[in-house]
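A quick write-up on the structure given underneath.
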2 protein chains.
Amino acid sequence: MINLDKLKQIYKFSKELSIEDASVLIKSAKNISFKKKEILIDEGSLKTTVFFIKKGIVRCYCINEKGEEITFGLITENQIISNIDTILYDRPSNFYFEALEETKTFSIDYSIVENIIESNPKLQKNRKFFAQKMMKLQHERVKSFVLLNPEERYLDFIKKNPTLVNRVPGKYIANVLGITPVSLSRIRARVVNQKK
Amino acid sequence: MINLDKLKQIYKFSKELSIEDASVLIKSAKNISFKKKEILIDEGSLKTTVFFIKKGIVRCYCINEKGEEITFGLITENQIISNIDTILYDRPSNFYFEALEETKTFSIDYSIVENIIESNPKLQKNRKFFAQKMMKLQHERVKSFVLLNPEERYLDFIKKNPTLVNRVPGKYIANVLGITPVSLSRIRARVVNQKK
DNA sequence: CAAAATAATTAACAAAAGATAATAAAAGAA
DNA sequence: TTCTTTTATTATCTTTTGTTAATTATTTTG
């Protein structure tokens, strides 16, 4: 049975797919939903599923030597979650991926995507596109740490992620910015006062 | 004329090259050296040359709104320099790349590498390998900002870059770590005292 | 809705970082 | 080598951050 929603998702990935490949993707890809607090990928996991978030927020976190959860990233609508430790380096995940809201994904195993890309030279540019996007995000983030102080980093974050700010506990955002929740709270107070 | 040094460099990139492609690379690739303080890539440049550093150090820096030079990264032996703004995003370089020492490179235009990769499916994994390596470096760096404080970041840096520390002015390292040179100096003093 | 749990803010203090300037040390050039 | 320039360290002071704990606000859940 052809599923229109799936077709739309696949179309987002590439308009270069043959009918055959598209049908492989449609058969293999699933709509998977997660309840709040559910884990998409566990630490230590070797899962190679790629999740495209249609709706919701997922936080990526690890546990430091002190046993504290440190949120590394927040992933939301139209972004991709993958166990990069496994997909890129064949190692178990260093991170947990947890849904912060009811989260709907369109997901598929990476090996299937990989096979289809391998057999379709035209799709190489698609892969390149994703790799570039990921690189750019990482690069921008490093830049924000090198060039900005915590307050500027916070302002930059809310500018780039306006939808996240009011949906996610601030303590997670603090982690992402490399500061403590207490410090974030003070920065917020400062920013509000400066505006007045 | 076949150049043994060039052959070695090319061999480092891939053992999957055909004789034809290897000879294209050998013809196109050049050994280029830079004197201290010479610029490899200028801000605003659209140059797509890829430099493999055989010997030397290059710093990548930009100029912030206050007109100060901020060193973003330090690249050294067996690492690659490229104008990622142009190669990945077709935009002029945001950075300057300056030799900090007499620097010897093996260099080639990216378009040539690209053509050869395009026509050799086997080399795709080579490209993937480089992309992965870059991603990993960026990712590790973000991790160091999120999980470590400036002192830990410095210790992590000297552990991972033991050869750089005594060859490069500390003020550049401070920038890379996202702190001021004065602060780095204090951290160093602290670390020495703690050891005693 | 009320109780319980979670998160955010605020306070108080210690530690570290930024800024600026002075001094010392090191490196480069004549 | 000596002079000059650059870099590193130290001092002083201000600002910010981390830490811990108490308080307040918000969310969750029975």
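The chains referred to below are lettered A, B, ... by the order of the sequence lines, with proteins before strands, and numbering in each begins at 1. Computed over heavy atoms, backbone and side chain alike; hydrogens, waters and symmetry mates excluded.
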>> What is the first contacted nucleotide of DNA chain C and what is the last, in 5' to 3' order, if contact means an atom lying under 4.0 angstrom from a heavy atom of chain A?
In response: C:dA7 to C:dA12

> For the helix from C:dC1-D:dG30 to C:dA30-D:dT1, what angle lies between the axis at the first five pairs and the axis at the last five pairs, to 10 degrees?
Replying inline: 50°

>> Could you report the tightest heavy-atom contact between A:Asp42 and A:Ser93, atom names first, then the distance?
In response: O-CB, 3.7 Å

>> Within this structure, what is the OG1-CD1 distance for the pair A:Thr48 and A:Ile84, rounded to the nearest 0.5 Å?
In response: 14.0 Å

> NZ of B:Lys136 to CD of B:Gln132: how many Å apart, nearest 0.5 Å?
Replying inline: 9.5 Å

>> Quick check for you: to the nearest 0.5 Å, what is the distance between B:Glu102 atom CD and B:Lys55 atom NZ?
In response: 9.5 Å

>> Let me confirm one number: the CD-CG distance from B:Glu38 to B:Leu100, rounded to the nearest 0.5 Å.
In response: 12.5 Å

> Pick the nucleotide of DNA chain D nearest each of B:Lys171 and B:Ala189; which residue has the one closer to the 5' end?
Replying inline: B:Lys171

>> Let me confirm one number: the OH-CD1 distance from B:Tyr96 to B:Ile63, rounded to the nearest 0.5 Å.
In response: 4.0 Å

> Going 5' to 3' along nucleotides 15-30 of chain D, which nucleotides have protein heavy atoms under 4.0 Å from the base (write B), which only from the sugar-phosphate (write S), and which from neither (write -)?
Replying inline: -SBBBB-------S--

Donor-acceptor pairs under 3.5 Å, side chain of residues 171-183 of chain A to any protein atom, not counting sequence neighbours: which ones?
from     : atom 1 : to       : atom 2 : distance (Å)
A:Asn175 : OD1    : A:Thr71  : N      : 3.0
A:Thr180 : OG1    : A:Ser183 : N      : 3.1

>> My understanding is that only residues two or more places apart in sequence, or in another chain, count here; which of them pass ring pair (Phe, Tyr, Trp, His ring centres under 6.0 Å) with A:Phe72?
In response: A:Phe95, B:His139

> Under the ring pair (Phe, Tyr, Trp, His ring centres under 6.0 Å) test, which residues partner A:Phe34, sequence neighbours left out?
Replying inline: A:Phe51

> In a check of side chain to side chain contact (heavy atoms under 4.5 Å, CB included) between A:Ser144 and each of A:Glu152, A:Lys160, A:Arg153, which one passes?
Replying inline: A:Arg153

